[in-house]
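For reference, the structure discussed in these notes is given below.
Each chain gets a letter, A, B and so on, in the order the sequences are listed, and its residues count up from 1.
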Amino acid sequence: MKFEEKVWQLLKRIPKGKVTTYKIIARKLNARAYRAVGRACARNPNAPRVPCHRVVMSSGKLGGYTADGSKASLLKKEGVIIRNGKVDLVKYLYDF
DNA sequence: CGCTTGACACCGT
DNA sequence: AACGGTGCCAAGC
């Protein structure tokens, strides 16, 4: 299984109302390729099956895809409150 | 096989 | 606290 595939598997187990960071994901894969994780999502061939919008940066900021803005609303709908373009990692972080 | 890029992270100003 | 530079790993060309 390729690295990116594993990333998607992990993303799929993120429950609604929770978020995770690229760093955590990479760590769970026993790697330090946070950037590769981001790439995997960007390339994400299984768009609806992989909730990429639940992946944020370690700082709590949503990330590049946030430029769209519509994803933020989707997260809120799932129960994730976004404050100043950032999520409350203390409350919603899912560290597997 | 090597160089560039990317939805990032970390440390120094 | 905010901004910029540097380092990480995998994929694509």
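In this entry the distance linking CE of A/Met57 with C1' of C/dC8 reads 16 Å, nearest Å. When the C1' atom of B/dC8 is taken as reference, atom CG of A/Leu62 falls 14 Å away, rounded to whole Å. Distance A/Arg43 CZ to B/dC8 P: 14 Å, rounded to the nearest Å. Look at CG on A/Leu89: it is 15 Å from P on B/dC8, rounded to the nearest Å. One can place CZ of A/Arg39 at 14 Å from C1' of C/dC8, the figure rounded to the nearest angstrom. Across the protein-nucleic acid pair, A/Tyr34 atom OH and C/dG7 atom P stand 13 Å apart, rounded to whole Å. The separation between A/Phe3 atom CZ and B/dA7 atom C1' is 14 Å, rounded to whole Å. Rounding to whole angstrom units, CD of residue A/Glu4 and P of B/dA7 are separated by 13 Å.
Distance from the side chain of A/Arg32 is smallest to C/dC8 among B/dA7, C/dG12, C/dC8. The side chain of A/Ala36 lies closest to B/dG6, out of B/dG6, B/dA7, B/dA9.
Between A/Lys61 and B/dA7 there is no side-chain N or O to OP1 or OP2 distance below 4.0 Å. The side chain of A/Ser58 contributes an N or O atom lying less than 4.0 Å from OP1 or OP2 of B/dC10.
Base contact: A/Ala42 has a heavy atom under 4.0 Å from a base atom.
Between A/Val56 and A/Thr20, the closest side-chain pair of non-hydrogen atoms is not below 4.5 Å.
Hydrophobic clustering of Ile, Leu, Val, Met, Phe, Trp and Tyr side chains at less than 4.5 Å, counting indirect connections, unites A/Leu11 with A/Ile24. When the side chains of ILVMFWY residues are joined at heavy-atom separations under 4.5 Å, either directly or via intervening members, A/Leu10 and A/Met57 end up in a single hydrophobic cluster.
Within 3.5 Å, a donor on the side chain of A/Arg35 pairs with an acceptor on the base of B/dC8, or the reverse.
Ring pair A/Tyr94/A/Phe96: centre-to-centre distance below 6.0 Å.
Comparing A/Val55 and A/Lys23 against DNA chain B, the residue whose closest nucleotide sits nearer the 5' end is A/Val55.
Here the closest heavy-atom approach between residue A/Lys18 and residue A/Leu93 is recorded as NZ-O, 4.1 Å.
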